[in-house]
Each structure stands twice: as C-alpha cells, then as structure tokens.
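In what follows, a single structure is set out as structure tokens and then discussed.
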Amino acid sequence: MKFSQMLIPTLKEAPKDAVLPSHIYLVRGGFVYQVASGIYDFLPLGKKVLDKVRAIVKDELDAAGCQEVQLGFVTPADLWKRSGRYEKYGAELLRFEDRKGNEFVLGPTHEEMMVELAKQFVSSYKQLPMNLYQINLKFRDEARPRFGLMRGREFIMKDGYSFHADREDMVREFELMEATYRKIFTRMGLDFRVVEADSGAIGGEGSKEFMVLAESGEDTIVVCEGCDYAANIEAAKRKQPEAPAEAPEAELNRFHTPGITSIGDLAKFFYVDPYYLVKAVAKKALYDEGKSAIVLFFLRGSDELQEVKATNAVGANELVDATEEELEAAGLVPGYMGPVDLVRNIGAMEGSPPFHEEKAHLNVRMIFDEGLKDARQMICGANEKDYHIVGADLTVLKDLEYADLAQTQEGDVCLQCGGKLAYTKGIEVGHIFQLGTRYSEPLGATFLDSNGKTKPFVMGTYGIGVSRLLAAVIEQHHDERGSIWPVSVAPFEVVVIVGNIKDDAQREAGEAIYEKLCQAGVDALLDDRTERFGFKMKDFELIGFPYAIVVGKKLADGLVELVDRQSLEKRELPIDEAVQKLLEYMQ
RNA sequence: CGGGGUGUAGCGCAGCCUGGUUAGCGCACCUGGUUUGGGACCAGGGGGUCGAAGGUUCGAAUCCUUUCACCCCGACCA
C-alpha cells in the first residue's frame, strides 16, 4: 500500500478525554475513532491489527482442534429467560423488541446460544468432545465504559465452549486451552501471568485468568515472589498470618467503651494489636426475585473483607452496604456489632443490663472468616451501645459458619511455598472456566452415553478479549513517541520512507525496495507522501511500525537507513543488505 | 447508580463572569509559490444551527429553566 492513498488520520494532539497511552496512541495513530461512549470505528490500520490478532487466535485454536462458528449477535430473550440469566445479568444486557413484539437481546456472551446449538446437533457421546468457538461482536451496556478499547460497550471477543462426556475430559480440555492461550499471548509479544480467578456471574467450578502485566490494569493480582503462584485478589489465598506476640489477657466481660466504634480507635483504646479484635462488616445480600438478607461478616481487625469472596460465601447476586436503619431493624447496634450468641452467653452475667431474649433470634446470618477459627482472647462488639466484650473465646460458640472472607494483603505468606506475596496490576485478556453442567442442565442439553443413558454435557468455556488485546499490546509496547508494535500484530511490518518524494532517484529507489519487500512476502507500506522528512519520521514513530527503511540523502552513496522502532537505532546499509537484514528480522 | 467536570469548525482551545455590529486563534483542509534529514514558510481561501429546546431582553455563545451527550472519580464489571 501507498501511504498517500490510505486513510491514516494521524493527529498531533491527543484527544482531551484520553488518559491511557493505549487510548491516546490508538486515536492519534489513526487506528480507531470514537462514535459513542464505548463504541469505536476501526479505521484501516486498526482493522489490520485486529485481523492479525484474530488470525493468531484462530491459528492456535484450530491447531488445538477447535472449530470456528459464528452465532447470531441478536439473540432471542427466551433463551436467556430459560437459563435464568435474563434477570440476573441486569442492566448490562441490552434488551429490545422487533416489529412483532418479540423480545431480543444483544449478545453479551453466548453460552445460551452455543448450548442450544449443541443441543440441536450433538446427541451422542461419539461426537464428543467438541470445542466450538467464534470471534464475534459482543455488546454489554457497561455502566461506565472507559479507556478506549480497554473497556468498551461494543467489543470483539473470542468465546469458545467445549462439550464433554465427563468431568475428567473437560479438565483435560481446560488444560489444553490454558496451554493454547499461553501460545497465543506469547506470539503477540505479551508479558502475562496466568492467575487463579473467581468464577463470577458466569458460574462454574474453577477458572483462570490471563493477565497482561501493566500499571494501567484494572485488576489487582497477587503474585508470589518465591514461586509461580498468582491469583486475582478476588480469589487469592494465603497462609493464615502468625499471631502477634502479645495477646490481651482478660476475663470474659463487658467493657465500657463510650464512642469507640472503629477498629483503629478500639486498638488504641485497649492498646492491642488489631489482630485480636473482631471486625464486623454488615452487608445486605441481594438474591433473585428481589429477596435480600442482612449478613454479618466477622474477620480479624487486621484484615479487610474481600467482597467477591463474601458474595460467594452467601451465594448472593450482590452485596450492598446496609443502612443504619436496616441494621437497627435487624436488632444490631452499628459500631458495636458482635457475634450475638456470645452476647447471649454472657447475658446473665452480673452487672449486665437485662438481656433481651429477642436479640438471640436476630434475623441475621453470620459468617466467620477462617482466620477466626480457634480465636481466643478476642475483643468484639457487645451489640450494645458503648460496650465491647473482652476476653471473648469464639471456640465456645457452636455450629459457626466459616468461609475465606479476608483479602490477601501484600506481605502475606504464600500457601504454596511460604514466600512473600505482593500486588501487581493486570489487564484481563483471557478467562477460562470449568463450567460443568451449569448451563447444559437447565437448558436440557443432553447426549446419550455409551450405555444409552441420557446425560447433560459437561462443559468448559474460554474467552479472549480480542479488541482489548490491541490496547493491552500498546500498554506494554510504547514509549513517549508512540506505539511499538511487535511484528506479529503490526499494522505493517515495515514502512519504506522516501525522504524527498520529488527527488526522482529517491522515489524510484524507494519504490524498488518496496516492490522487493512485497515480493518477499513482507507486509510493507510505502510512505510516498509529499511531506517533509521529519513529518514522516514522526508518523512512523507514532504509528509504531516495527521497522522503517529510509531512502534519503545517502542514496547518492548507495546507502539507505534501517531503523528499529524499538531502539530507534539507525544503521546505514547498502540497499540489498538493508533488505536482506529486514528479511532476517521477519523470520 | 452517587459525586465532579466539559460541550464554540475535523482536532485542540479562547470568548461567557460584566449581553451589543461580520464569533476568534492554533493545527488540519483547498489554491498558488518557495522548501525537503526531524511535525517548514509566504500569500490567498473554504468550513460554525456556539450540544438541543424553551424563556428573559430592543438585542443571547454570554443571563435563567429544562434536557441530551461526552469525560473523570467511585460503585459495578465472563
């Protein structure tokens, strides 16, 4: 292609609303154009990169035995109602009616559609396993689209679904997909980690995320400095922290603590480590059909509640902050909440105000963090204004419900190797799930096994954020001048820059080099514009082609320049040698 | 969804507070010329329902009301 004929609207100034390097350079480089919030047009260069990314994804998946299909973008609402996700998915699901009043949604993901397809055509164990995928448009009406291609409403995603006769085979496929995804992201030149993840709203039994390491990442991931353990903070596990040396010694008793309602104040008041305090976090858990419940989560004062873990622990759709009124209605005293059975146990203690029996039957579910197992010598809320309980022994309480609720902190100890855990930021570019029968069962997608028995498919699902990958690549590959594309996904592999297009010798030499490169199978662009030299160099650096061959003044001596975008290093070489070198780089 | 901000030419902005002729600047674009190794210069030119609707006024980009869009922080997010 000739630059002069291509639509490449590069900009000198950054759009005022762009913050991330990837967003700025995608717009300035003329790759994309924003049409509406979270919706982008792909211009010729952007489309070329997108196609290269798609091609790599397809190449590796096909090699792993997957089959590409393409499902409808507009999907019948009925399918969503049957899987129970029509309500659950919430406002992100864009719903509408056709002229006949039939309800449809724009597909935000395609489990339902793909299960329906399998149900229709896969009926015997002999057809299994089967892995179907598509690279297609998705639409999610995000509450807050942002960061260019990083979080759009309309985006391109590869979503794959596998169908198996049993769990074991599904796990085999899961591992194959992990290996395949590693190959895909490696080919794109990305530095990534595979992390343990929460399964989220999609459901299922186990999942891993592929995180591109970048400061601008929206996810916090916990990585071990000693081994390969890595996990999304929503799912990160740790070894229970060691107890600080000095446990507060006290007989079980009520203690007057006027106005002391926070963990910090309490620690100061008693002069103890927050480790020995019981933190109570009250939330309202929301369930299907508008049901809700007040839940009290208990943790050590030194820990923070991890909301995703907490949500999973109570099987809720969502947790929201409970209002003071709701807490009081449930018989709780904000600021002084504690394990209420404990309150009952000492209710008859001498000097206590009369214990109100109704408080023993509060409509509150209580869940304790695993870190509170065997907790003794604790200080907790007395569920009575201005009082705490000291010397609390939680082990006397019967039938407590325990769960992993605490957020792993930097400096915590790795469960696998005893190493130190640290935080880093990541961009989620892939997520693979062991789904099981979460969708096949409710949707009645079954097959006949070798004994002629009807069974639901055991499924896995695998996603890659294809358009997000464009942003992720730039986040990792850019400098203050622009993008620096890896050869594998570069919009063009090399640009041949003619220094002065009105100089016939330069123009002819540039065209000859360009022809030679094209014939050798190199994806080359000829910058034949009448712009000045510096202008074209700036564009080269901004757009970020991996290499440039500059035909300029040294042509008189038979020399051209080979420029490496990464290092910005220039080498003067005879034409043939420059072409030869470039071909070597393309290997 | 809560809090904040911004809408004036394709892009970036000034003008608005304190209403007053033909609404201005830089970049980009068109024509002619000079220029060609680091985002050139000269001359001429095209392009605007001042986000939208309503109101106040002799007169509104400017004041008032309503509304829409976009962005940022947070909540949310396979």
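The figures here come from the full heavy-atom set of this structure, side chains too, leaving out hydrogens, waters and symmetry mates.
Per the geometry, CG belonging to A:N232 stands 12 Å off P belonging to B:C77, to the nearest Å. Rounded to a whole Å, the CD atom of A:E13 is 12 Å from the C1' atom of B:C25.
The only member of A:R565, A:K536, A:R481 that meets salt bridge (charged side-chain N to carboxylate O under 4.0 Å, His left out) when paired with A:E541 is A:R481.
At a threshold of 4.0 Å, the pair A:R85-A:E112 counts as salt-bridged, since one of the basic side-chain nitrogens sits closer than that to a carboxylate oxygen. Classification of A:K425 and A:E218 as a salt-bridged pair fails, no side-chain N sitting under 4.0 Å from a carboxylate O. Using a cut-off of 4.0 Å between Lys/Arg side-chain N and Asp/Glu carboxylate O, A:D321 and A:K284 are scored as not salt-bridged. Taking the charged nitrogens against the carboxylate oxygens, A:R82 and A:D78 do have a contact shorter than 4.0 Å, which makes a salt bridge. A salt bridge does not link A:K138 to A:E154: none of the charged nitrogens lies less than 4.0 Å from a carboxylate oxygen.
Taking the nucleotide of RNA chain B with the nearest heavy atom to each of A:E307 and A:G552, the more 5' of the two is matched to A:G552. Heavy-atom distances to RNA chain B give each of A:A14 and A:V19 a nearest nucleotide, and the one nearer the 5′ end belongs to A:A14.
For the C1' atoms, the distance linking B:A69 with B:G26 amounts to 26 Å, nearest Å. B:C63 and B:C50 are spaced 15 Å apart, taking the C1' atom of each and rounding to whole Å.
Nearest nucleotide to the A:E92 side chain, out of B:G38, B:U35, B:C77: B:C77. Comparing B:C77, B:G39, B:U35 by their closest approach to the side chain of A:R532 singles out B:U35. Among B:U36, B:U6, B:G74, the nucleotide with an atom closest to any side-chain atom of A:K16 is B:U6.
The aromatic ring centres of A:W485 and A:F31 sit less than 6.0 Å apart.
Contacts with RNA chain B (heavy atom under 4.0 Å) in residues 556-578 of chain A: A:E561, A:K570, listed by number.
Side-chain N/O atoms of A:E541 and base N/O atoms of B:G38 include a donor-acceptor pair closer than 3.5 Å.
Within the shown strands, nothing qualifies as a pairing partner of B:C77 under the Watson-Crick or G-U definition with both distances less than 3.5 Å.
Under 4.0 angstrom from either OP1 or OP2 of B:G37 there lies at least one side-chain N or O belonging to A:K553.
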